[in-house]
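In what follows, every chain begins at residue 1, and chains take the letters A, B, ... in the order their sequences are listed. Note that the coordinates shown come from a computational prediction; the quantities given were computed from them, not determined experimentally.
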Protein chains: 2
Amino acid sequence: MTYSEENYLKVIYHLSLASTKGVTTNAIANVMESKPSSVTDMVQKLAEKELVIYRKYQGVELTDQGRFMALMIVRKHRLWEVFLVDKLDFSWDEVHDVAEQLEHIKSEKLTNKLDEFLGFPTEDPHGDPIPDKEGKIAKIEKQLLSEIPAGRRAICVGVKDSSSTFLQYLDKQQIALGSTLEVVSKEDFDLSLTLRVDNKEVTVSNKIAGNLFVKLI
Amino acid sequence: MTYSEENYLKVIYHLSLASTKGVTTNAIANVMESKPSSVTDMVQKLAEKELVIYRKYQGVELTDQGRFMALMIVRKHRLWEVFLVDKLDFSWDEVHDVAEQLEHIKSEKLTNKLDEFLGFPTEDPHGDPIPDKEGKIAKIEKQLLSEIPAGRRAICVGVKDSSSTFLQYLDKQQIALGSTLEVVSKEDFDLSLTLRVDNKEVTVSNKIAGNLFVKLI
DNA sequence: AAATATTTTTAGTCTAGCCTAAAAATAAAT
DNA sequence: ATTTATTTTTAGGCTAGACTAAAAATATTT
Ligand SMILES: [Mn+2]
Ligand SMILES: [Mn+2]
Ligand SMILES: [Mn+2]
Ligand SMILES: [Mn+2]
């Protein structure tokens with residue numbers, strides 16, 4: 001498995017979570033910031049290796065083997081993110097690019113020892129679940145903050161967008177995983193929300209609320 | 001800097017320690033398990049980038065910039081080896097291959113935070129010195145065990161060969177870094193040595209003794 | 001249903017990093 | 001000082017993984 005093949009598998013895995021149909025060539029190209037023709041090439045190679053099922057013009061789906069490989073990459077990515085934050089004091093907006101590299105290190109022993117060293121974490125610093133060594137991944141109970149009606153309280157449990165601009169915005173608003181958010185009111189006009197966080201009121205746009213995962217309490 | 005360029009620089013660095021002259025094409029090809037023609041190719045690219053000085057048929061030497069880059073790769077390699085042994089309970093014969101991968105991770109912050117997390121170690125699990133972030137590397141005082149005369153005592157401080165067969169042999173003989181070795185006698189015929197280690201006597205061949213670094217006490 | 005737009009695939013190129021085989025330079029032996 | 005052996009370089013090829021441009025298939029409008 002090359003570095004590049006691993007990246008394709010991971011992207012296909014993430015895209016396949018969003019839709020039940022086959023993952024399209026263009027969608028992959030967009031995420032990878034490459035060209036559809038390059039994607040077609042690679043997808044045909046992955047099909048040769050039986051990591052995906054490919055039918056011309058119909059997109060691709062992961063095989064069981066392909067999904068397992070993708071999950072192992074996701075596992076490594078998220079474990080390394082935990083390592084960086086918990087052990088090396090990185091902040092949650094600094095870990096992604098380094099984890100993109102570390103996820104390709106090939107050593108089962110390393111992955112499993114790291115998992116143990118970190119205390120078998122179940123979630124990464126962004127609230128995403130960490131697959132175990134068998135590829136089992138917990139389904140985390142969560143909704144988007146934008147779907148919560150006024151008057152309800154919820155705990156922040158994850159982010160949909162984990163770009164550093166978004167994460168730094170949350171830091172500035174003092175919103176972290178585990179924070180309790182009360183939806184004070186919701187504007188009909190732009191769907192912006194007024195929240196109470198730590199006894200302070202903040203207003204966030206619908207776009208912000210649509211990228212924060214919460215759990216009602 | 002590609003993965004491959006980094007490997008070349010590192011190999012050139014290691015070979016340049018052994019001889020004062022330019023590092024030869026064949027020597028590089030041997031270590032890299034590749035062909036001299038491939039080496040010539042790459043060496044010309046590195047010369048373009050001013051990482052080495054190359055004169056046809058005369059071998060290469062690192063420039064200051066090239067040496068610094070090589071040292072940063074060596075630094076990462078050895079820090080990761082310490083991490084694997086100290087934090088993840090790898091044994092000293094299991095770390096090299098994984099460190100070969102980890103040494104290519106590009107993040108100064110990661111390297112320096114890791115260094116700090118490990119308590120700024122000065123040596124790796126094989127007794128090799130770890131360059132600091134400026135590229136300074138301590139010269140460790142050491143001799144080969146094969147050069148120690150009978151009757152003297154010495155502390156084991158490093159290995160020249162760090163193949164897992166050799167390291168496992170040392171484990172079996174209960175020789176570790178820090179062990180005190182007394183040279184009880186030396187055979188004239190084959191230069192084999194009888195040592196006292198932990199009040200037990202062991203006989204080791206000249207080949208073994210030629211791969212163990214010690215410091216007289 | 002036909003026309004138009006979009007998506008996807010194919011065909012052909014390019015570069016990095018490897019290779020083999022042949023030529024050129026250097027080193028060693030006679 | 002030649003001849004012979006070794007080392008190194010050049011020339012030409014191959015594959016992975018990207019690209020552009022053109023063709024083919026599918027989706028959307030009219
Ligand atoms: Mn990430
Ligand atoms: Mn994450
Ligand atoms: Mn090593
Ligand atoms: Mn080492």
What do you reckon, are the aromatic ring centroids of A/H96 and A/H126 less than 6.0 Å apart? no
Whole-Å gap separating [atom2] ([N]) and [atom1] ([X]):
| X | N | atom1 | atom2 | answer |
| --- | --- | --- | --- | --- |
| A/E33 | D/dC19 | CD | P | 11 Å |
| A/K49 | D/dA16 | NZ | C1' | 10 Å |
| B/N30 | D/dT6 | CG | C1' | 13 Å |
| A/M42 | C/dT8 | CE | P | 18 Å |
| A/N7 | D/dG17 | CG | C1' | 12 Å |
| B/K21 | C/dT26 | NZ | C1' | 13 Å |
| B/M32 | C/dC18 | CE | P | 6 Å |
| A/E48 | D/dA16 | CD | C1' | 14 Å |

Find out whether B/V52 and B/T63 are in side-chain contact, i.e. whether some heavy atom of one side chain is under 4.5 Å from a heavy atom of the other. no
Would you say the side-chain atoms of A/S19 pair up with the backbone N or O of A/S16, donor to acceptor, closer than 3.5 Å? no
[X] vs [N]: side-chain N/O to OP1/OP2 distance below 4.0 Å:
| X | N | result |
| --- | --- | --- |
| B/K35 | C/dC18 | no |
| B/K56 | D/dT10 | yes |
| A/K45 | D/dG17 | yes |
| A/Q44 | C/dT10 | yes |
| A/T2 | D/dA16 | no |
| A/Y54 | C/dT9 | yes |
| B/S38 | C/dC18 | no |

Geometric class of the A/F83/B/F117 ring pair [parallel <30°, tilted 30-60°, perpendicular >60°]: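 Answer is perpendicular, since the angle exceeds 60°.
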Quick one, give me the B/S/- string for nucleotides 2-7 of chain C, reading 5' to 3', where B means a protein heavy atom under 4.0 Å from the base and S means that only happens at the primed atoms, P, OP1 or OP2. -----S
Just to be sure I understand the rule, does A/Y8 reach a base, reach only the sugar-phosphate, or reach nothing, if contact means heavy atoms closer than 4.0 Å?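 Sugar-phosphate: the residue A/Y8, judged by heavy atoms under 4.0 Å, touches backbone atoms but no base.
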Regarding A/T40, tell me which of base, sugar-phosphate or nothing describes its non-hydrogen contacts under 4.0 Å with the strands shown. base
Between B/K106 and B/E6, does any side-chain N to carboxylate O distance fall below 4.0 Å? yes
Would A/K10 and A/E100 pass as an ion pair if we require N to O under 4.0 Å?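 Salt bridge flag = yes for A/E100 with A/K10.
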Determine whether any donor atom in the side chain of A/S37 lies under 3.5 Å from an acceptor atom in the base of C/dT8, or the reverse, and answer yes or no. no
Could you check A/Y3 against B/V43 and say which one's nearest nucleotide on DNA chain D is further toward the 5' end? B/V43
For A/Q58 and for B/R55, find the nucleotide of DNA chain D with the closest heavy atom, then tell me which residue's nucleotide is more 5'.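 Its nucleotide being nearer the 5' end, the pick is B/R55.
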Any donor-acceptor pair under 3.5 Å linking the side-chain atoms of B/D124 with those of B/W80?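 The criterion, which ignores hydrogens and geometry beyond distance, is not satisfied for B/D124 and B/W80.
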Going by the side-chain hydrogen bond (donor to acceptor under 3.5 Å, both in side chains) test, which pairs reach into residues 42-60 of chain A, not counting sequence neighbours? A/E5-A/K49
When you measure from the side chain of B/P36, which nucleotide among C/dC18, D/dT9, D/dC19 comes out closest?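 That would be D/dT9.
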